[in-house]
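Mind looking over this structure? Questions follow.
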2 protein chains.
Amino acid sequence: MTRPTIKDVAERAGVSNATVSRVLNNNPHVDDNLRSRVMEAVSTLGYQPNRDARRLRAQSSNVIGLIISDIQNPYFISVIGGVEDAAYARQMNVILCNSNEDLSKQAMYLRVMEAERVAGLIIVPCHCNQADDILQLSKTGIPIILLDRVLVSGNMDAVLVDNVRGAQEAVTHLIELGHRRIALIGGPAYVQTGRDRNQGYRNALMAAGLPIDEHLIRSGDFKMESGYRLTSDLVTNGDPPDAIFVANNLMTLGTLRALRELRIRVPEDIALVGFDDMPWSGDLYSPLTAVSQPTYELGQEAVHLLLRRLADPEAPYRTMTLQTRLVVRESCGAQLRN
Amino acid sequence: MTRPTIKDVAERAGVSNATVSRVLNNNPHVDDNLRSRVMEAVSTLGYQPNRDARRLRAQSSNVIGLIISDIQNPYFISVIGGVEDAAYARQMNVILCNSNEDLSKQAMYLRVMEAERVAGLIIVPCHCNQADDILQLSKTGIPIILLDRVLVSGNMDAVLVDNVRGAQEAVTHLIELGHRRIALIGGPAYVQTGRDRNQGYRNALMAAGLPIDEHLIRSGDFKMESGYRLTSDLVTNGDPPDAIFVANNLMTLGTLRALRELRIRVPEDIALVGFDDMPWSGDLYSPLTAVSQPTYELGQEAVHLLLRRLADPEAPYRTMTLQTRLVVRESCGAQLRN
DNA sequence: ATCGGGGGAGAAATCGTTTTCTTCAAAATC
DNA sequence: GATTTTGAAGAAAACGATTTCTCCCCCGAT
């Protein structure tokens with residue numbers, strides 16, 4: 001009924017528990033005869049070491065904390081998968097938390113992570129300025145890897161996506177297809193990815209010698225509703241653009257819904273390109289041209305950075321930047337002109 | 001640098017560590033004077049109890065294991081959210097694992113759960129027959145809650161959705177709209193939800209006095225590719241149906257893609273209704289009529305069942321069945337006829 | 001033949017809590 | 001006034017592992 005302990009194994013094998021421990025941890029200085037006796041006792045009893053006791057003694061855990069900012073966003077599912085696979089391949093477990101873009105919830109989970117004495121933490125911070133608690137946790141010695149979003153202050157490992165370049169490529173694509181009045185449904189300024197994508201948009205226009213019309217620029221909060229609202233506003237007030245670049249997936253869904261309700265055809269009336277590809281992007285009302293992010297790899301690389309830091313706490317901080325890829329479908333009208 | 005222990009707190013407050021422990025656990029038999037001294041020491045040192053030590057001593061953890069069968073499926077995201085919220089509201093943490101519909105991976109995670117001595121386990125089993133390892137883990141005394149899928153043998157708590165009724169309602173809807181030759185892209189027979197939804201399809205036809213044409217019935221594996229393949233096959237061989245009921249969300253996406261590629265219009269040429277609603281179902285190529293499941297509640301109820309069993313291990317096993325809701329959009333042609 | 005070195009294995013300390021046991025003093029009972 | 005009861009608080013045991021310490025034995029070198 002009750003689970004066997006190392007003592008039970010030792011008793012059954014007729015050795016001390018120190019010897020059992022040595023066998024389990026592959027200590028070479030143990031007699032083959034005893035070793036096999038221990039192994040047998042372990043398997044007949046179905047013994048598994050108590051991880052709490054192990055962690056208590058070792059003062060280190062094999063648990064990785066993962067705090068993401070919005071579990072409702074399909075973008076992060078793939079990230080989670082990458083983290084999980086990489087972690088479990090190294091015998092590490094993952095505790096997943098969802099801050100839901102809420103600073104106070106994030107603060108709570110940071111405390112949980114500290115109390116749990118996680119080996120390391122991978123976090124998508126929900127605010128790039130107000131991150132004192134993250135910096136503070138970092139000071140206590142817990143390795144922290146930033147994922148997807150960088151902080152304005154503080155030196156840390158990070159794995160990011162080249163958002164500026166990705167956005168620029170997307171908007172340049174629109175320009176090359178002949179669109180001139182290109183609107184932006186941008187991300188929030190308090191998140192680095194939002195800023196970067198907005199910057200990419202401006203870069204593309206400037207590189208093409210096109211004017212930047214502030215009337216065509218709106219700023220949302222990465223949620224669907226804001227995409228819907230800003231798009232409705234954009235196309236009904238004044239003269240509408242002939243193309244829209246939307247800075248993330250959920251807002252793009254909002255945009256699509258708004259356009260459909262207003263009976264504006266995509267891409268015939270307005271072309272559309274979004275950031276973040278999704279598995280079903282091609283099955284949407286208008287198959288979506290989108291900037292695809294290497295989400296799974298993002299999660300994996302975060303774990304790799306973490307393991308590297310655990311192995312060498314003094315290593316210089318590294319920021320790893322992965323590249324995006326533009327997936328061309330029909331929503332920009334590419335097919336119409338080619 | 002190093003984290004403070006209960007000893008440091010005791011020393012600073014000038015009391016024994018037993019007293020500190022008593023204060024922290026709200027033991028009433030402690031002098032108010034000492035109590036406040038301890039509280040102050042705790043807050044100035046920023047002390048947080050070591051959870052490993054606590055768990056080791058208490059022989060119980062506050063960690064809930066959650067094994068889901070496919071993290072890529074948007075269906076489960078909401079389930080995860082429900083579990084998380086309910087768990088954290090009770091100060092419990094969640095370890096998330098993804099079996100990816102793979103029996104050997106599931107077996108591995110079950111071992112992890114046992115070694116972690118989780119307080120309880122919520123699991124979406126990936127096979128309803130081959131579940132010996134789940135039953136075995138259950139025997140060791142760890143409370144297990146089945147989510148979404150029931151096992152053919154073994155008595156356990158479970159929280160399910162009324163799949164038969166949901167499917168029946170969906171197909172009846174098609175019948176009421178005048179459709180007669182209704183095809184089924186069904187789920188796999190080795191999963192209870194697959195079986196139930198297939199049964200609901202048959203029930204609806206029988207109740208309406210319609211013949212069951214085995215030529216119109218295909219069986220997939222709940223993945224997108226099988227929806228795509230089976231649909232292509234269905235509509236190109238012999239005479240196509242005038243409606244299709246698809247047994248889950250990913251296969252529905254496959255069906256939609258196949259129909260679009262074959263230039264078959266939905267709902268004009270073929271009507272479509274799927275199981276599992278998604279946040280963007282209304283934004284698809286054809287806005288999808290779908291059976292919506294209370295996924296978030298499913299996760300929450302699983303936690304509630306678990307807490308109930310932890311409180312009373314001898315309570316009779318309970319199966320909780322939640323109801324679905326048919327969300328009518330355009331893919332069935334309802335709008336066309338009303 | 002004696003000493004030094006090293007390997008094998010048990011005894012015991014340790015990790016940070018909680019909880020039982022013990023002690024002591026003050027209050028309550030007769 | 002002597003004895004039992006109560007309660008506060010420290011000392012110590014316990015949880016289950018790992019690791020250091022210690023001991024013993026055997027082998028090789030002087």
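All figures in this text were calculated on a predicted structure; none of them were measured in a lab. So that the names make sense, note that chain A is the first sequence line, chain B the second, and so on, each numbered from 1.
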### Query
Checking B:T140 side chain against B:L137 main chain: does a donor-acceptor pair fall under 3.5 Å?
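It does hold such a pair.
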
Closest listed nucleotide, where the reference is the side chain of A:I6 and the choices are D:dA8, C:dA9, D:dA17: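 Comparing D:dA8, C:dA9, D:dA17 against the side chain of A:I6, the answer is D:dA17.
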
**Prompt:** If you check every side-chain atom of B:S16, which of D:dG10, C:dG10, C:dG16 has the closest atom?
**Reply:**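 Out of D:dG10, C:dG10, C:dG16, the nucleotide with an atom closest to B:S16's side chain is D:dG10.
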
Practice task
May I ask you to say whether B:K105 pairs ionically with A:E84, meaning some side-chain N is under 4.0 Å from a carboxylate O?
Solution key: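 Salt bridge flag = no for A:E84 with B:K105.
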
Practice task
Determine whether more than 12 heavy atoms belonging to other residues, nucleotides or ligands lie under 6.0 Å from atom CZ of A:R318.
Solution key: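 At most 12 heavy atoms, drawn from other residues, nucleotides or ligands, come within 6.0 Å of this atom.
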
Please tell me if B:T5 has a side-chain N or O lying less than 4.0 Å from either OP1 or OP2 of C:dG16.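 False: B:T5 side-chain N/O out of range (4.0 Å or more) of C:dG16 OP1/OP2.
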
Exercise for review: Ignoring backbone atoms, establish whether B:H29 has a side-chain N or O less than 4.0 Å from OP1 or OP2 of D:dG7.
Suggested key: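 It does not, given that no N or O in the side chain of B:H29 lies less than 4.0 Å from OP1 or OP2 of D:dG7.
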
message: Rounding to an integer number of Å, can you tell me how far B:R54 CZ sits from D:dA14 C1'?
response: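 That distance rounds to 17 Å.
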
_Close side-chain approach of A:Y47 and A:D8, heavy atoms under 4.5 Å_ =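 Sidechains of A:D8 and A:Y47: no contact.
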
Query - Integer-rounded Å distance: C:dA9 P and A:L24 CG - result: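 In whole Å, C:dA9 P and A:L24 CG are 15 Å from each other.
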
message = Let me check the geometry of the helix from C:dA1-D:dT30 to C:dC30-D:dG1. What is the bend angle between the axes at its two ends, five pairs each, to 10°?
response =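 About 60°, once rounded to a multiple of 10°.
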
Exercise. Which nucleotide sits closest to the side chain of B:D31: D:dC15, D:dA9, D:dA17?
Worked result: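 Within the option list, the nearest is D:dA9.
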
Return the polar atom pairs (N/O with N/O) between nucleotides 19-24 of chain C and the protein under 3.5 Å, or none.
from, atom 1, to, atom 2, distance (Å)
C:dT19, O4', B:R57, NH2, 3.3

| said: Tell me the interatomic distance from A:N26, atom CG, to D:dT19, atom P, rounded to whole angstroms. | reply: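 So the CG-P distance, A:N26 to D:dT19, works out to 13 Å.
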
How about CE on B:M39, more than 12 heavy atoms from neighbouring residues, nucleotides or ligands closer than 6.0 Å, or not?
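It does not: B:M39 CE has 12 such atoms or fewer within range.
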
Check your understanding: How many Å lie between CD on A:E114 and C1' on C:dG16, as a whole number?
Key ->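 In whole Å, C:dG16 C1' and A:E114 CD are 16 Å from each other.
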
Query - Gap between atoms NZ and P, on A:K7 and C:dG10 respectively (whole Å) - result: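 Rounded to the whole Å, the gap is 14 Å.
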
Once you round it to whole Å, what is the distance between P of C:dG10 and CG of A:L34?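 Rounded to whole Å, this separation is 7 Å.
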
Item to complete: Please determine if a side-chain N or O atom of B:Q59 lies less than 4.0 Å away from the OP1 or OP2 oxygen of D:dA14.
Response: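 Answer is no, no contact under 4.0 Å.
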
